[in-house]
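Here's the structure, in structure tokens; my notes come after.
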Amino acid sequence: MNFPNPTHATSSPSTSSSYTLTHASPHFKRPLLLPQAICTSQKKSFCSGVHAEAYVNSNPMKSYIKPVFSVEALVTGTAQDVSDTTLNGDDKIGVLLLNLGGPETLEDVQPFLFNLFADPDIIRLPRMFSLLQKPLAQFVSVLRAPKSREGYASIGGGSPLRRITDAQAEDLKKSLSAKNVPAEVYVGMRYWHPFTEEAIEQIKKDGITKLVVLPLYPQFSISTSGSSLRLLESIFREDEYLVNMEHTVLPSWYQREGYIKAMSNLIEKELKSFDCPKEVMIFFSAHGVPLAYVEEAGDPYKAEMEECVDLIMEELETRKITNAYTLAYQSRVGPVEWLKPYTDVMIVELGKKGVKSLLAVPISFVSEHIETLEEIDVEYKELALESGIEKWGRVPALGCEPSFISDLADAVIESLPYVGAMAVSNVNARQSLVPLGSVEELLATYDSQHRELPSPVIVWQWGLTKSAETWNGRVAMLAVLLLLFFEVTTPDSVFHQWGILMSSLR
Ligand SMILES: C=CC1=C(C)c2cc3[nH]c(cc4nc(cc5[nH]c(cc1n2)c(C)c5CCC(=O)O)C(CCC(=O)O)=C4C)c(C)c3C=C
Ligand SMILES: [Fe+2]
């Protein structure tokens, strides 16, 4: 194995005084888990003469930060030099795009929410109560559905996520083909159609031999890419075909130059729509996660988000754009502490401080969805205008932006030399041998003890306001407590049977 010497691929963030840094780490201090950019790049030629930038990480345990990722190969010393790798003529390449999924109609909303809340990476109950996951998901989804349905009704009656992700898949396929890498691109959603299981069935039918797994989240979180990869891992583990299929995972890709440039282009363009672009505060708004995910389970989400924002601001600075900027976290649910600062609180504060122009930049997701179209465009805009901010703008999500799609295609091509087989015939051995190349390793890095996490959803229902939702929440809480009580006091709990019944909702 011949790895290049580590070098710093990213320079330290600008400390230009023209930036107003209002997020939590004023001196860009990063927690220990933060990816240190210990990689270097080499130009290599492979795959029908395609030139690609291949990144090789020198530290297997930190490989999650790199676009090209195969911990298992690195750990076992089987990583190949890129130049040694060619695709043989019989190879059929597949790319699996992983995404969240969203309800397509208002009738889909409750079962979609059920799937979301049934995910232990969203609500992680204490181990002894894990059988209550489905009854609880049913309960919470029924309670949440009316509010959620209202939101989806206001954006046209359903989530645009499937349509946009399908379009991204199609464009990615075209872009790969234009770069002389013919590949099939599949979409596997976590909580709604087309489910990951459906995508996998198609991958098997099509006889794919090399698979690149690409979660459509630029930054890694246990609750998003982590959850999708955990599901994928369990599907792989059960299946002889998949165990023998070569694959690799790109766990997060926010550091890619193409992505950073594409985001910067959108921001630069949108700034021009203001009368005085220099006076606009650039307001990055990321989807939040409960604080415990980061502080207790080791989710790198916050660190990756902060670094991502730094990289975008550095890129803008090279274009002489040195606006003040802020990073805040939106969409929190309930009084458990989520990542701070909160978007709504920050908007009010900025208004009080006399900020007059704000450009919102959704940063954690690459498609328009309910939280851009409703939460940012309607709720936060209204709040901003009430708070004294006079001019409001919003950067669109990347969607099918050609330079972004082209960069995703490059990321896929760069990862091809790192696909590796996990051909283990012994089922028991498979359990301990990281079936999905790097996935288990990756999850173990952050979530090694699979600790109990605070359940944002139950607590979120337990508010102190006098709204109807609060009363729903209190009833919900009472019912949950009763459920738990019966579960531990009755010898043959009825809730087991509920769990079985509810699995049919999937
Ligand atoms: C990086 C993005 C996301 C993170 C992190 C994330 C964590 C997370 N989400 C919930 C609860 C809900 N999320 C919902 C919708 C939703 N979430 C994301 C992205 C992230 N979630 C997206 C893109 C969407 C919208 C999909 C669409 O249909 O357009 C919902 C449902 C909508 C609603 O009722 O508000 C819930 C609920 C938690 C609890 C969580 C972290 C633990
Ligand atoms: Fe969410």
Side-chain angles (χ1 to χ4, degrees), residues 98-106 108-124 136-137 140-165 189-193 215-228 251-252 254 284-294 296-297 299-302 304-305 308 329-339 362-379 397-399 446-447 453-461 469:
L98 298 176
N99 210 341
L100 187 121
E104 286 163 67
T105 67
L106 296 182
D108 296 342
V109 170
Q110 186 273 326
F112 158 77
L113 289 173
F114 170 82
N115 290 338
L116 186 118
F117 294 132
D119 178 0
D121 285 315
I122 292 287
I123 304 182
R124 194 171 296 171
L136 184 61
V140 178
S141 63
V142 168
L143 283 177
R144 172 80 183 176
K147 183 173 188 282
S148 210
R149 241 181 251 124
E150 224 175 88
Y152 284 108
S154 77
I155 62 163
S159 170
L161 216 51
R162 182 175 192 169
R163 181 177 46 78
I164 297 170
T165 313
M189 300 291 197
R190 183 66 182 87
Y191 305 119
W192 204 246
H193 299 279
L216 278 179
Y217 305 94
Q219 307 84 10
F220 182 94
S221 167
I222 292 169
S223 61
T224 53
S225 309
S227 166
S228 285
S252 69
Y254 66 94
F284 294 95
S285 188
H287 196 300
V289 294
L291 191 62
Y293 279 56
V294 173
E296 286 165 38
D299 197 331
Y301 182 71
K302 177 172 183 279
E304 294 199 357
M305 195 61 72
C308 178
Y329 295 90
Q330 66 176 82
S331 318
R332 73 182 187 278
V333 281
V336 290
E337 207 177 344
W338 283 52
L339 288 181
I363 182 81
S364 47
F365 208 63
V366 293
S367 309
E368 297 296 346
H369 60 290
I370 191 167
E371 284 146 4
T372 52
L373 299 170
E374 206 272 326
E375 203 170 357
I376 297 185
D377 287 355
V378 181
E379 291 178 34
L398 282 165
Y446 300 118
D447 202 11
L453 290 167
S455 174
V457 179
I458 307 173
V459 192
W460 140 67
Q461 299 286 355
E469 198 182 305

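Read the numbers this way: they start at 1 and go in the same order the structure lists the ligands and their atoms.
- Close contacts between ligand 1 and Y293 involve ligand atoms 42 (C) [criterion: under 4.0 Å to a heavy atom].
- Not a single heavy atom of S331 sits closer than 4.0 Å to an atom of ligand 1.
- Aromatic pair Y293/Y301: ring centres not closer than 6.0 Å.
- Residue-to-ligand polar distances place Y152 within reach of ligand 1: an N/O pair is separated by less than 3.5 Å.
- Contact atoms of ligand 1 toward Y301: 1 (C) (distance under 4.0 Å to a heavy atom of the residue).
- Geometrically, ligand 1 and S364 share no nitrogen or oxygen pair separated by less than 3.5 Å.
- Heavy-atom contacts of G102 reach the following atoms of ligand 1: 28 (O) (cutoff under 4.0 Å).
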Evaluate the criterion side-chain contact (heavy atoms from CB on, under 4.5 Å) for residue pair I164 and E368; output intermediate values, then yes/no.
CA-CA 8 Å; I164 297 170; E368 297 296 346; 4.0 Å; yes
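- Residue-ligand proximity: W192 is placed with every non-hydrogen atom at 4.0 Å or more from ligand 1.
- Considering backbone and side-chain atoms together, I370 places an N or O closer than 3.5 Å to an N or O of ligand 1.
- Of the polar atoms of S148, at least one N or O is found under 3.5 Å from an N or O of ligand 1, judged by distance alone.
- Counting only N and O atoms by type, the side chains of S221 and D299 include a donor and acceptor under 3.5 Å apart.
- Between atom OG1 of residue T105 and atom OH of residue Y152 there is a gap of 11.5 Å, rounded to the nearest 0.5 Å.
- Shown in contact with P290 at under 4.0 Å from a heavy atom are these atoms of ligand 1, numbered in order with element: 41 (C), 42 (C).
- Under a 4.0 angstrom heavy-atom cut-off, L113 registers as being in contact with ligand 1.
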